[in-house]
Amino acid sequence: MKRLLVLLAVFSIVAAACSGTDVVVASVNDTDILRSQVDRLVPQDDDDATSGGFAQYLSVAIQWEAVGQAAFSEFGITPTEDEITTRLDQLVADQGEGVTLEDYLASVQASEETIREVTKQLIIQDRVQEQFAASAEPIADDLVNQELVDSPMDWTIVCAAHILVETEDEATAVAARLESGEDFATVAEEVSLDPGSAANGGDLGCNSPAGFVEPFALATMEAEIDVPTAPVESEFGFHIIVVSQREEATTDVVRQTLERDTLTNAVTDWFVRVIESAEVVVDDDIGVWVTEPRPQVIAVN
């Protein structure tokens with residue numbers, strides 16, 4: 001009898017541990033989130049699923065629940081199992097020829113159930129974006145033209161090379177060597193202080209001038225094509241610059257970019273709004289839900 005009682009006691013402990021995975025850990029607009037839902041989000045190789053680690057995964061589950069509810073209530077979006085399967089098949093196919101679902105799950109250290117939930121969220125995100133895109137207004141011509149006037153560097157691509165030296169006298173000497181016919185790339189390899197480009201003959205590739213420091217950027221916008229500039233001073237030293245190509249974006253490209261950015265901002269604002277406005281309650285033993293500086297569960301110590 002004593003052995004039977006011991007076995008029953010052990011069974012009750014195991015049963016309690018198993019049932020504990022389905023306790024309510026939070027709610028979103030009165031919809032419960034179970035511990036098992038959060039546990040499914042934890043990568044299989046992650047041992048930090050307690051305290052702060054668990055709070056991070058719970059934060060994700062809360063945000064997904066809030067987004068799913070809002071997507072349905074505002075747009076009627078509810079991905080079906082067939083849609084999720086089709087999208088998941090595409091995700092696997094995108095990994096390369098011959099990759100199986102099992103291979104993909106192993107590579108991301110997740111269960112199929114977890115990846116299906118991730119896939120569901122991707123579908124919701126795409127559908128919400130489609131809703132905003134359908135109602136978006138085109139960017140007017142005057143706004144496109146004004147953008148080109150106000151931010152010309154943002155809409156220009158320059159292909160440039162440079163030679164960087166420490167002093168203006170050294171830059172003047174470099175300019176003289178180039179004027180005498182010496183090869184730009186050879187001189188750059190010999191004297192340029194920019195280790196990132198010197199080995200490539202000073203070549204910086206093709207970039208937006210907006211990514212350069214201001215004096216350098218202005219020089220690339222004004223330089224005569226294929227003609228070395230006079231010494232240009234920046235915080236790094238003195239540059240001799242050659243611009244081999246400079247191309248300004250067309251109005252169509254500017255319009256498409258502005259429309260894409262406007263759409264992205266609108267969708268992002270929607271996600272932030274629905275998450276921050278959700279009524280979230282978190283189990284006191286786990287943490288507290290906050291929206292500043294960003295929506296998350298702060299774990300208890």
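Given the structure is predicted, the values throughout are model-derived calculations rather than measurements. What you see below is based on every heavy atom in this structure, not just the backbone, and it leaves out hydrogens, waters and symmetry mates.
A side-chain N or O of Thr85 and one of Arg116 form a donor-acceptor pair less than 3.5 Å apart. Donor-acceptor pairing under 3.5 Å is recorded for the side chains of Ser197 and Asp194. Gln121 and Glu117 share a side-chain donor-acceptor pair at under 3.5 Å. With hydrogens and angles left out, the side-chain atoms of Gln69 and Asn29 include a donor and acceptor closer than 3.5 Å. Side-chain contact annotation: Ser27 with Asp32, donor-acceptor N/O pair under 3.5 Å absent. For the 3.5 Å distance criterion, the side chains of Asp103 and Thr100 qualify, holding a donor opposite an acceptor.
The only member of Phe216, Phe184, Phe212 that meets ring pair (Phe, Tyr, Trp, His ring centres under 6.0 Å) when paired with His162 is Phe216.
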Notebook entry, point to check: Checking side chain to side chain contact (heavy atoms under 4.5 Å, CB included) for the pair Asn207/Val158: CA distance, chi angles, key distance, verdict?
Noted result: CA-CA 6 Å; Asn207 307 277; Val158 294; 5.6 Å; no
Next item on the list: Go through Asp226 and Ser244 one step at a time and tell me if the side chain to side chain donor-acceptor pair (under 3.5 Å) criterion holds.
Entry: CA-CA 5 Å; Asp226 291 329; Ser244 59; 5.1 Å; no
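Taking every heavy atom of both residues into account, Leu148 and Ala249 meet most closely at CD2-O, 4.2 Å. Pro295 and Gln63 get closest at one heavy-atom pair: O-NE2, 3.2 Å. For the pair Ile115 and Leu105, the tightest heavy-atom approach, listed with the atom from each and the gap, is CG1-CD2, 3.4 Å. Here the closest heavy-atom approach between residue Ser234 and residue Val213 is recorded as CB-CG2, 3.9 Å. Contact detail for Val297 and Ser59: the closest heavy-atom pair is N-OG, 2.7 Å. Minimum interatomic distance between Val267 and Gln129 (heavy atoms only, all atoms of both residues): CG2-CA, 3.9 Å.
Within the cation-pi definition used here (under 6.0 Å to the ring centroid, within 45° of the axis), Arg40 does not qualify as a partner of Tyr57.
Within a 6.0 Å radius of CD in Glu166, other residues, nucleotides and ligands contribute 12 heavy atoms or fewer. Counting heavy-atom neighbours within 6.0 Å of Asp94 CG, excluding the residue itself, gives a total above 12. Heavy-atom neighbours of Glu214 CD from other residues, nucleotides or ligands within 6.0 Å: at or below the threshold of 12. Few gaps surround CD on Gln95; more than 12 heavy atoms of other groups in view lie less than 6.0 Å from it. No more than 12 heavy-atom neighbours from other residues, nucleotides or ligands sit within 6.0 angstrom of CD on Glu137.
Remark: the backbone N or O of Phe132 is paired with a side-chain donor or acceptor of Ser135 at under 3.5 angstrom. Side chain of Gln37 to backbone of Leu34: a donor-acceptor contact under 3.5 angstrom is found. With Thr78 contributing its side chain and Phe72 its backbone, the two residues share no donor-acceptor pair below 3.5 Å. Between the side chain of Ser208 and the backbone N or O of Met153 there is at least one donor-acceptor pair closer than 3.5 Å.
One finds the CG atom of Asp283 at 12.0 Å from the CD1 atom of Ile33 (value rounded to the nearest 0.5 Å). Annotation: the span from Gln256 atom CD to Thr251 atom OG1 amounts to 9.5 Å, rounded to 0.5 Å. Distance check: Thr262 OG1 to Arg255 CZ gives 12.0 Å after rounding to the nearest 0.5 Å. With rounding to the nearest 0.5 angstrom, the CG atom of Leu101 is 10.0 Å from the CG atom of Leu91. Between the CG atom of Asp89 and the CD1 atom of Ile84 there is a distance of 12.0 Å, given to the nearest 0.5 Å. Remark: Thr229 OG1 to Ile241 CD1 distance equals 4.5 Å, nearest 0.5 Å.
Glu83 and Lys120 are not joined by a salt bridge, as no carboxylate oxygen comes within less than 4.0 angstrom of a charged side-chain nitrogen.
Follow the hydrophobic side-chain contacts under 4.5 Å out from Val253 and you never reach Leu263; the two are in separate clusters.
Side-chain contact check for Arg246 versus Val243: some heavy-atom pair is nearer than 4.5 Å. With a 4.5 Å cut-off on side-chain heavy atoms, Val118 and Trp64 count as touching.
Partners of Glu74 by salt bridge (Lys or Arg N to Asp or Glu O under 4.0 Å), not counting sequence neighbours, listed by chain and number: Arg273.
Among residues at least two apart or in separate chains, salt bridge (charged side-chain N to carboxylate O under 4.0 Å, His left out) pairs with a member in residues 168-185 are Arg177-Glu182, Arg177-Glu190.
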